[in-house]
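Shown next, in structure tokens, is the structure this report addresses.
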Amino acid sequence: MGNSKQYTDEFRAEAVKQVIERGFTVVDVASRIGIPKHTLYGWVQAAKKTVPAPGATVAPKAFASPLDLKLPVTVRAAAFAEGCALAPAATFELTPAALLTRTDEAMAVCPDAGRLLLRLEDDGPAEGERAIFNATIFYPCWQWNQADLDGIASIKVRAGRIPYYFQLAHDEPHRTFEPAKSPLGELEILGRGCKGHTLASVPLPAAPGADGFLDLEAPLPAGTAGRQDLCVRFTGDTRPQMWVLDRITLQPR
């Protein structure tokens with residue numbers, strides 16, 4: 001009869017630390033230190049029941065419903081499949097100010113925009129890191145569902161512009177956009193979704209700034225309040241270049 005391998009407490013603690021504190025996956029750590037992944041998974045699960053992550057106020061647990069937390073707070077989260085982390089944990093610093101801003105990745109797809117959401121790389125700079133934008137190419141718009149507009153005076157939008165180089169062939173008739181009301185088009189912000197009413201409209205310039213981005217601030221009408229689905233879009237033909245959202249910030253009074 002074979003003997004089961006014995007592991008020291010120090011060995012177990014270090015292996016668990018690699019997963020819980022340093023964010024490595026169970027599969028990666030188990031492969032690197034030469035133990036079965038189910039063994040390490042069992043150690044990790046046992047540790048999570050008793051030992052909170054550094055700086056945490058509660059032990060790690062599965063996300064099953066909206067979190068009720070007092071701000072400011074730091075949240076670390078990771079996606080799991082069959083008990084194994086798919087990637088290192090991401091850290092989120094949540095403050096009242098941070099919750100007033102959303103990037104394009106955090107925005108929803110407008111219901112009428114189609115479901116072809118792409119991750120599109122900026123065409124500049126020639127060297128160095130480039131921005132990546134979430135955008136739908138048939139009807140580019142972005143939606144912040146249930147944005148809390150109480151006490152909000154204006155909305156600041158940071159946008160980039162990228163070439164429209166898509167060859168749509170027979171899908172070309174499905175490409176739509178809102179007609180421009182001025183020579184260069186407008187940034188439009190609508191309340192109550194894409195089919196709602198216009199809250200703000202700001203003329204667009206001929207080109208973005210030297211860094212490839214554009215910052216616009218759109219004042220909201222007096223009396224704007226409550227939770228609304230905000231739709232952000234840019235009017236005018238998306239060819240040969242189209243404006244894309246980078247981030248949006250609610251500006252308090």
Side-chain angles (χ1 to χ4, degrees), residues 100-124 131-147 149 152-169 171-224 227-251:
L100 295 176
T101 294
R102 285 198 180 181
T103 64
D104 54 305
E105 293 95 340
M107 298 286 278
V109 176
C110 292
D112 296 330
R115 296 301 173 188
L116 185 57
L117 178 66
L118 300 178
R119 294 277 288 160
L120 304 176
E121 183 177 302
D122 202 350
D123 61 339
I132 305 292
F133 304 102
N134 276 20
T136 54
I137 62 174
F138 288 104
Y139 184 78
C141 67
W142 300 259
Q143 189 160 294
W144 184 334
N145 291 326
Q146 292 298 289
L149 300 183
I152 301 301
S154 63
I155 295 176
K156 186 175 182 178
V157 168
R158 181 170 173 83
R161 193 163 71 166
I162 60 176
Y164 196 100
Y165 42 64
F166 309 101
Q167 304 300 317
L168 300 180
D171 285 323
E172 173 63 24
H174 300 294
R175 184 180 72 91
T176 59
F177 54 87
E178 296 299 322
K181 303 176 183 65
S182 58
L184 300 173
E186 300 82 27
L187 160 69
E188 289 188 342
I189 299 175
L190 284 73
R192 310 201 184 284
C194 295
K195 300 297 185 181
H197 58 284
T198 301
L199 291 175
S201 179
V202 181
L204 293 168
D211 62 351
F213 289 90
L214 164 71
D215 289 299
L216 290 175
E217 185 167 351
L220 294 177
T224 302
R227 292 188 175 273
Q228 300 191 38
D229 294 341
L230 292 182
C231 172
V232 180
R233 67 190 184 195
F234 303 94
T235 66
D237 199 335
T238 53
R239 289 180 176 167
Q241 293 181 309
M242 72 175 186
W243 293 100
V244 286
L245 179 71
D246 181 56
R247 65 173 179 259
I248 176 175
T249 300
L250 306 181
Q251 306 267 85

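- In plain terms, the two heavy atoms of Phe234 and Leu245 that are nearest each other are CE1-N, 4.0 Å.
- No side-chain donor from either of Ser201 and Glu186 sits under 3.5 Å from a side-chain acceptor of the other.
- Between Trp243 and Leu214 the shortest side-chain heavy-atom distance falls below 4.5 Å.
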- Could you go step by step and tell me if Glu217 and Leu187 meet the side-chain contact (heavy atoms from CB on, under 4.5 Å) rule? CA-CA 10 Å; Glu217 185 167 351; Leu187 160 69; over 6 Å; no
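- Closest approach of Ala135 and Val244 over heavy atoms only: CB-CG1, 4.1 Å.
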- Query: Which is it for Met242 and Ile162 under the side-chain contact (heavy atoms from CB on, under 4.5 Å) test, yes or no, and what are the steps along the way?
  - Reply: CA-CA 6 Å; Met242 72 175 186; Ile162 60 176; 4.0 Å; yes
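- Applying the ring-ring contact (aromatic ring centres under 6.0 Å, His included) test to Phe166 and every residue at least two apart in sequence or in another chain returns Tyr164.
- Atom OG1 of Thr235 and atom CD of Glu178 lie 8.0 Å apart (nearest 0.5 Å).
- Atoms CZ and CZ, on Phe177 and Arg239 in that order, are 9.5 Å from each other to the nearest 0.5 Å.
- A 4.5 Å side-chain heavy-atom check between Ile132 and Leu120 finds every atom pair outside the cut-off.
- Side-chain contact check for Thr238 versus Pro140: some heavy-atom pair is nearer than 4.5 Å.
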- Item | Steps toward side-chain contact (heavy atoms from CB on, under 4.5 Å) verdict (Val109, Thr136) | CA-CA 8 Å; Val109 176; Thr136 54; 3.9 Å; yes
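- Using modelled atom types and a 3.5 Å distance limit, the side chains of Arg233 and Tyr139 yield a donor-acceptor pair.
- Nearest heavy-atom pair, Ser154 versus Pro219, reported as atom, atom and distance to 0.1 Å: CB-CA, 3.7 Å.
- In terms of the side-chain contact (heavy atoms from CB on, under 4.5 Å) criterion, residue partners of Ala106 (sequence neighbours excluded) are, by chain and number, Arg102, Thr103.
- With contacts defined as side-chain heavy-atom distances shorter than 4.5 Å, the pair Ile248/Thr101 does not qualify.
- Leu220 is listed as a side-chain neighbour of Ile152, based on a closest heavy-atom distance under 4.5 Å.
- Shown here are the side-chain contact (heavy atoms from CB on, under 4.5 Å) partners of Gln228, two or more places apart in sequence or in another chain: Leu149, Arg192, His197, Leu199, Thr224.
- Of the charged side-chain nitrogens involved, none lies within less than 4.0 Å of a carboxylate oxygen, so that Glu105 and Arg247 do not count as a salt-bridged pair.
- Scanning for salt bridge (Lys or Arg N to Asp or Glu O under 4.0 Å) contacts around Lys181 gives Glu188, with sequence neighbours left out.
- A 4.5 Å side-chain heavy-atom check between Pro240 and Pro163 finds every atom pair outside the cut-off.
- For Asp229, the side-chain contact (heavy atoms from CB on, under 4.5 Å) partners two or more places apart in sequence, or in a different chain, are Gln143, Asn145, Gln146.
- Pairs of residues two or more places apart, or lying in two chains, that qualify as salt bridge (charged side-chain N to carboxylate O under 4.0 Å, His left out) and include a residue from residues 198-211 are Arg158-Asp211.
- Annotation: side chain of Phe133 is not in contact with side chain of Trp142 (no heavy-atom distance under 4.5 Å).
- The minimum heavy-atom distance between Cys194 and Cys141, with the atom names listed, is SG-SG, 3.8 Å.
- For the side-chain contact (heavy atoms from CB on, under 4.5 Å) criterion with Trp144, the lone passing option out of Val232, Leu250, Ile189 is Leu250.
- Using a 4.0 Å cut-off between charged side-chain N and carboxylate O, Asp246 and Arg161 make no salt bridge.
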- Message: With side-chain contact (heavy atoms from CB on, under 4.5 Å) as the criterion, how do Leu230 and Leu190 come out once you've worked through the C-alpha distance, each side chain's angles and the decisive distance to 0.1 Å?
- Response: CA-CA 6 Å; Leu230 292 182; Leu190 284 73; over 6 Å; no
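- At a threshold of 4.5 Å between non-hydrogen side-chain atoms, the residues Asn134 and Leu117 count as touching.
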